[in-house]
There are 2 protein chains.
Amino acid sequence: MTSDRDALFRILADPTRRKILDLLAEQGPLTVGELAAEFPQLVTSGISKHLMSLRGASLVSATRRGREQIYQLEPDVMAAALKPWLAKYERYWSTALARLRDLAEERGTEAGQTSPRNARRRRRK
Amino acid sequence: MTSDRDALFRILADPTRRKILDLLAEQGPLTVGELAAEFPQLVTSGISKHLMSLRGASLVSATRRGREQIYQLEPDVMAAALKPWLAKYERYWSTALARLRDLAEERGTEAGQTSPRNARRRRRK
DNA sequence: AGTAAGCATTACTGTATGGTAATGCATCGG
DNA sequence: CCGATGCATTACCATACAGTAATGCTTACT
């Protein structure tokens, strides 16, 4: 019952897992050893566990080459889970940036309502 | 030392908090009571705790009106933390969508290398 | 004044999970 | 063949944290 998106966000919550994904996104496929080298404070079995959970969520895939495992980013699941969710916020972000720019430029242009004009909810007694 | 982004992803990991943010994004400002009504399985003090942590991360802000607290989405922090991070993946997403479309259209156009052409790393023995 | 509504705070509990150490299992080099 | 490398798996531990119940503080109503 726990949705795909729930699982994704739980996985992304851990900084180590996010960094693994970031490395794979920036550098392309990497072996476990190469990945582990980026986390000197962690033992390799820890990395392995993270990689297993990433594989379990289909965020990465692995192919063997001899005794090495080459991990690779698998972007589809993340895109599918994240894009619709992001859509709810992106419109706020543009206005947020505009607002920041406005603040930087001048003070006192308090023309209201950047947020969705949402007529429902009038509960002022 | 734990970065802004770490904090954000930890917060987003909880489905209740994500739903709170979603509601505020979709419906505009809401009171605690209105929010709590969306979570029948939770007691209100639980909602309140979540709202406190959201406020602590500056993802929402609250204004009093009488004895009600009206919570409102505060998009800036989220945008600032998420947009640079998303940039690493978005280019994969377009190709991912293209790949999905390709798969839907036909089978066997296995022209390789959608991923970043990353010349470094040549370790084929 | 007294009661209730709306929300925050605190203390407590159970569970999930990140980390480690130990072990196992292929694969590679000599 | 034998030790070493590369990685996965297991069992174990400690901590973080979501949820609840209890309490308190304002504001509103009568």
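Basis for what follows: all heavy atoms, side chains included, without hydrogens, waters or symmetry-related copies. In this text the structure is predicted, and so the values were computed from the model without any measurement. So that the names make sense, note that chain A is the first sequence line, chain B the second, and so on, each numbered from 1.
Residue A:Leu12 contributes atom CG, which lies 14 Å from atom P of C:dT17 at whole-angstrom precision. Atom-to-atom, CD of B:Glu34 to P of C:dG6 comes out at 11 Å; the value is rounded to the nearest Å. Look at CG on B:Leu51: it is 6 Å from P on C:dA8, rounded to the nearest Å. When the P atom of D:dC29 is taken as reference, atom CZ of B:Arg67 falls 6 Å away, rounded to whole Å. D:dC25 atom P lies 14 Å from atom CZ of B:Arg64, rounded to whole Å. Distance, B:Asp6 CG to C:dG18 P: 13 Å, rounded to whole Å. Atoms CE (A:Met52) and P (C:dT17) sit 17 Å apart, rounded to a whole Å. Whole-Å rounding puts the B:Arg55 CZ to C:dT9 P distance at 7 Å.
A donor-acceptor contact shorter than 3.5 Å links the side chain of B:Arg18 to the backbone of B:Leu12.
Closest of all the heavy-atom pairs between B:Ala25 and A:Lys88 is CB-O, 3.9 Å.
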Task: Pair B:Leu82-A:Trp93, side-chain contact (heavy atoms from CB on, under 4.5 Å): steps then yes or no - done: CA-CA 10 Å; B:Leu82 235 41; A:Trp93 295 355; 3.8 Å; yes
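In this model, a donor atom of one side chain and an acceptor atom of the other lie less than 3.5 Å apart for A:Tyr89 and B:Asp22. Residues A:Glu74 and A:Ser61 have side chains that bring a donor and an acceptor to within less than 3.5 angstrom of each other.
A 4.5 Å side-chain heavy-atom check between A:Val77 and A:Leu8 finds every atom pair outside the cut-off.
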- [ ] Starting at the 5' end of nucleotides 15-23 of chain D, put B wherever the base has a protein heavy atom under 4.0 Å, S where only the sugar-phosphate does, and a dash everywhere else.
- [x] --SBBBBB-
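For the helix from C:dA1-D:dT30 to C:dG30-D:dC1, the terminal axes (five pairs an end, C1' atoms, rotation from four pairs onto the next four) enclose an angle of 20°, given to 10 degrees.
Looking at heavy-atom distances under 4.0 Å, B:Tyr71 makes contact with sugar-phosphate atoms alone, never a base.
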